[in-house]
Amino acid sequence: MIHFVGAGSGGADLITVRGARLLGEADCIIYAGSLVNPEVLQYKKEGCKVFDSAGMTLEEVLAVMEENEKAGKDTVRLHTGDPSIYGAIREQMDELDRMGLPYDVTPGVSSFCGAAAALKAEYTLPEVSQSVIITRMAGRTPVPEGEALRKMASHGCTMVLFLSTGLLEDVERELLAGGAYTAETPAAIVYKATWPDEKVFRCTVGTLAKTAKENHITKTALITVGGFLGNTYERSKLYDPTFTHGCREASR
Ligand code: SAH
């Protein structure tokens, strides 16, 4: 069996209980060494083979999986954060389907959740934003035209940008071109969320590039943008004493 497992955003104890169990049972682990905290490998059993996929092609990864499967061994394909976000798992699963090899998926804590924890923030504040856009700046990997950053930025909701830290001048320009944010809209750069060397830089849309430059942040960071980083919001209805819902009558 082949198990795709989300390693979580960094901290080795953020992997799920199921993920850690699968690591402990695996005969072979193929992990994304560029981003997965190697400390997570502490859960592996003795004799488990370990491959770092950072220097491997899709074909090489599949060849290792196939060889293990033929030998009746268990493989864990360990992805950073949650595998469904920029994880390139679909192309692996489609090939495994074609080869007739069985697999399953165990989710993980995505770095966008790790970043919210680092910021001690809530992305969906009442009367501020009830939506989170997860996207990236177009770079060497293109983004479909309908999802151009300036279009996504026209909503003014909470945004989390992956894979964009090297393009922050472009990010600033596109965020402002959307028309909903201003140069003063709060923003934050979260570097290595939930890792021991996590760093948080609070800034504004207009100072994103400068802040990253001053602090030498070029990768492994998320850019978060929006009023959720500010101080104005409404109380939730759920815990409002004057609001009745399925589990509680209004008390005043
Ligand atoms: N599947 C992963 C994302 C992989 S894409 C997830 O769910 O988090 C890789 C990008 O994710 C990096 O370029 C960076 O933008 C972001 N990233 C991954 N881990 C991070 C972390 N701990 N802190 C901040 N950003 C992170």
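Atoms within each ligand, like the ligands themselves, are counted from 1 in listed order.
- Between K192 and D197 there is a salt bridge, since a side-chain N of the basic residue sits under 4.0 Å from a carboxylate O of the acidic one.
- Under the 4.0 Å criterion applied to side-chain N and carboxylate O atoms, E145 and K151 are assigned as salt-bridge partners.
- In this structure P144 satisfies the side chain to side chain contact (heavy atoms under 4.5 Å, CB included) test together with E147, sequence neighbours excluded.
- In this view, D94 and R90, D97 satisfy the side chain to side chain contact (heavy atoms under 4.5 Å, CB included) rule, not counting sequence neighbours.
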Determine all donor-acceptor pairs shorter than 3.5 Å in which one atom belongs to a side chain in residues 221-228; sequence neighbours excluded.
unit_1: T224; atom_1: OG1; unit_2: A188; atom_2: O; d: 3.4

Nitrogen or oxygen contacts under 3.5 Å, ligand 1 side and protein side:
unit_1: ligand 1; atom_1: 1 (N); unit_2: T80; atom_2: O; d: 2.9
unit_1: ligand 1; atom_1: 1 (N); unit_2: D82; atom_2: O; d: 2.9
unit_1: ligand 1; atom_1: 1 (N); unit_2: I85; atom_2: O; d: 2.7
unit_1: ligand 1; atom_1: 7 (O); unit_2: D82; atom_2: N; d: 3.0
unit_1: ligand 1; atom_1: 7 (O); unit_2: D82; atom_2: O; d: 3.4
unit_1: ligand 1; atom_1: 7 (O); unit_2: S110; atom_2: OG; d: 2.7
unit_1: ligand 1; atom_1: 8 (O); unit_2: S110; atom_2: OG; d: 3.4
unit_1: ligand 1; atom_1: 8 (O); unit_2: S111; atom_2: N; d: 2.9
unit_1: ligand 1; atom_1: 8 (O); unit_2: S111; atom_2: OG; d: 2.7
unit_1: ligand 1; atom_1: 15 (O); unit_2: L163; atom_2: N; d: 3.0
unit_1: ligand 1; atom_1: 15 (O); unit_2: A221; atom_2: O; d: 2.8
unit_1: ligand 1; atom_1: 17 (N); unit_2: S111; atom_2: OG; d: 3.4
unit_1: ligand 1; atom_1: 22 (N); unit_2: S9; atom_2: O; d: 2.8
unit_1: ligand 1; atom_1: 22 (N); unit_2: A193; atom_2: N; d: 3.3
unit_1: ligand 1; atom_1: 22 (N); unit_2: A193; atom_2: O; d: 3.0
unit_1: ligand 1; atom_1: 23 (N); unit_2: K192; atom_2: N; d: 3.4
unit_1: ligand 1; atom_1: 23 (N); unit_2: A193; atom_2: N; d: 2.8

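- A salt bridge links E66 with K70: at least one charged nitrogen is closer than 4.0 Å to a carboxylate oxygen.
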